Protein chains: 2
Amino acid sequence: MAKPMREPTFWILTALAAEPRHGYGVLQEVSRLTGGQVKLLAGTLYAALDRLTAEGLVEADHDEVVDGRSRRYYRLTSDGATALEAEAERLRLSARTARQQLAAGRPELGPALGRTAAFPKLGRLA
Amino acid sequence: MAKPMREPTFWILTALAAEPRHGYGVLQEVSRLTGGQVKLLAGTLYAALDRLTAEGLVEADHDEVVDGRSRRYYRLTSDGATALEAEAERLRLSARTARQQLAAGRPELGPALGRTAAFPKLGRLA
DNA sequence: CAGCAATATAAAGATCACTTGAGTATGAGG
DNA sequence: CCTCATACTCAAGTGATCTTTATATTGCTG
């Protein structure tokens with residue numbers, strides 16, 4: 001199992017999932033995707049892009065100059081897409097488990113559903 | 001907005017959500033809840049319990065001695081429950097957004113059933 | 001009964017993504 | 001002119017986690 005991603009890393013990969021973007025474009029896309037709730041810092045972003053490139057989760061797509069400013073575009077690699085899918089699934093299951101446990105701890109208003117299951121180890125279906 | 005939790009912190013709170021437990025019991029509960037996929041380390045656990053107590057997200061419940069070993073039980077505070085609920089919701093939304101973006105990036109096989117990003121796609125420069 | 005696993009907690013140092021804060025440079029708009 | 005937005009870079013500091021080590025008791029097994 002891969003180590004869990006930190007929030008900035010998760011959002012950088014998510015911002016690149018639909019199409020290639022340059023660094024500053026990632027900043028804007030993350031802000032847009034999160035309704036302004038997550039704002040990456042420049043220092044975090046560029047360091048993370050270098051690290052993710054070294055890890056093979058993203059790669060440089062092409063460079064271009066717009067209005068005299070150079071941009072470097074990055075795209076998600078297939079390893080990056082796989083890692084992001086796995087992370088999204090991990091988050092989904094984690095959220096579900098937390099909700100179940102919280103419900104189990106609240107004033108029991110009656111026998112709810114079966115005992116709290118968990119992370120399926122193998123293919124499952126919920 | 002509170003800072004996102006790291007994985008061990010999230011699972012410690014989740015393990016305490018249904019009922020008070022002692023440190024070692026948290027270790028076992030986390031392993032159970034995650035189907036053995038997450039195993040907290042003792043060093044991480046006890047340091048985190050101290051930190052979370054200082055932050056008011058958990059608090060000591062009572063001490064007891066079982067088979068000659070002393071246990072210290074902890075319980076989630078109401079602030080802790082609120083924080084965990086918020087975190088679970090954040091995870092749920094993050095997972096959903098990542099999935100949508102990944103779907104938007106995959107070869108479009110036709111109009112999606114659910115809904116892909118209902119956001120403007122092209123436009124900015126290019 | 002010796003030895004090891006499991007139970008139960010504690011604490012020191014290392015690690016590394018992230019934060020903070022500063023800097024460089026161009027172009028657009030008031 | 002001056003400021004904001006764009007676009008990227010780098011160094012130092014932070015902090016939760018990881019790693020390792022230590023302590024002590026009980027239960028199981030050879």
Side-chain angles (χ1 to χ4, degrees), chain A residues 1-13 15-16 20-32 34 36 38-55 57-58 60-74 83 87, chain B residues 1-16 20-32 34 36 38-55 57-58 60-74 80 83 87 123-126:
Chain A
M1 293 285 274
K3 275 168 269 184
M5 288 171 198
R6 303 281 291 270
E7 202 186 35
T9 294
F10 171 83
W11 286 112
I12 289 165
L13 297 184
L16 293 173
R21 292 178 194 280
H22 66 293
Y24 199 84
V26 169
L27 249 34
Q28 297 172 128
E29 178 68 358
V30 169
S31 181
R32 189 184 74 79
T34 62
V38 175
K39 284 176 192 300
L40 299 185
L41 300 164
T44 302
L45 172 76
Y46 296 105
L49 284 173
D50 288 345
R51 178 175 48 83
L52 293 170
T53 298
E55 290 171 3
L57 301 188
V58 306
D61 188 76
H62 69 283
D63 292 338
E64 63 183 54
V65 176
V66 175
D67 287 334
R69 298 180 187 93
S70 22
R71 300 173 164 183
R72 170 153 293 177
Y73 280 74
Y74 292 87
E87 182 68 2
Chain B
M1 295 286 275
K3 273 169 256 190
M5 288 171 198
R6 303 281 291 270
E7 202 186 36
T9 295
F10 171 83
W11 286 113
I12 289 166
L13 297 184
T14 298
L16 293 173
R21 292 178 195 280
H22 65 292
Y24 198 85
V26 168
L27 249 33
Q28 296 172 131
E29 178 69 357
V30 169
S31 181
R32 189 185 76 78
T34 62
V38 176
K39 284 177 193 298
L40 300 185
L41 300 165
T44 301
L45 173 76
Y46 295 106
L49 284 173
D50 287 346
R51 177 175 49 82
L52 293 170
T53 299
E55 290 171 1
L57 301 189
V58 305
D61 189 75
H62 70 283
D63 292 336
E64 64 181 53
V65 176
V66 176
D67 288 334
R69 300 178 186 96
S70 14
R71 302 171 164 184
R72 169 153 293 175
Y73 280 75
Y74 292 88
E87 181 69 2
R124 41 204 140 327
L125 68 119

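Remember, predicted model here, so these are calculated numbers, not experimental data. Every chain is numbered from 1, with letters handed out A, B, ... down the list of sequences.
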| Does any N or O in the side chain of A:R21 come within less than 3.5 Å of the main-chain N or O of A:E29, such that one atom is a donor and the other an acceptor? | no
| said: Using the side chain to side chain contact (heavy atoms under 4.5 Å, CB included) criterion, which residues pair with B:S31? Sequence neighbours excluded. | reply: B:K39
| note | Contacts of B:S70 meeting side chain to side chain contact (heavy atoms under 4.5 Å, CB included) (sequence neighbours excluded), chain-then-number -> B:V65
| task | Any salt bridge (charged side-chain N to carboxylate O under 4.0 Å, His left out) involving residues 40-55 of chain A? Give me the pairs, sequence neighbours left out, ordered by first then second residue. | result | A:R51-A:E55
| request: Indicate the atoms forming the closest heavy-atom contact of B:P4 with A:E7, along with that distance. | output: CG-OE1, 3.4 Å
| field | Nucleotide range of DNA chain C lying under 4.0 Å from chain B heavy atoms | value | C:dA6 to C:dA11
| request: Mind calculating the distance between CD (A:Q28) and C1' (D:dA7) to the nearest angstrom? | output: 10 Å
| field | A:L27: partners by side chain to side chain contact (heavy atoms under 4.5 Å, CB included), with sequence neighbours left out | value | A:Y24, A:L40, A:L45
| field | Nearest heavy-atom neighbours spanning B:V30 and B:W11 | value | CG2-O, 3.5 Å
| remark: Readout for nucleotides 16-26 of chain D: B = base within 4.0 Å of protein heavy atom, S = sugar-phosphate only, - = neither; 5' to 3' it is SSBB-----BB
| In degrees rounded to 10°, what angle is found between the helical axes fit to the five outermost pairs at each end of the helix from C:dC1-D:dG30 to C:dG30-D:dC1? | 10°
| field | Pairing residues for B:Y46 by the ring-ring contact (aromatic ring centres under 6.0 Å, His included) criterion, not counting sequence neighbours | value | none
| request: To the nearest 0.5 angstrom, please state how far the CE atom of B:M5 sits from the OG1 atom of B:T14. | output: 8.0 Å
| message | Mind checking if B:E64 touches a base, just sugar-phosphate, or nothing, with heavy atoms under 4.0 Å? | response | nothing
| query | Excluding sequence neighbours, so at least two apart, what forms salt bridge (Lys or Arg N to Asp or Glu O under 4.0 Å) with A:D63? | reply | A:R72
| Should A:Y46 be listed as having a side-chain N or O under 4.0 Å from OP1 or OP2 of D:dC8? | yes
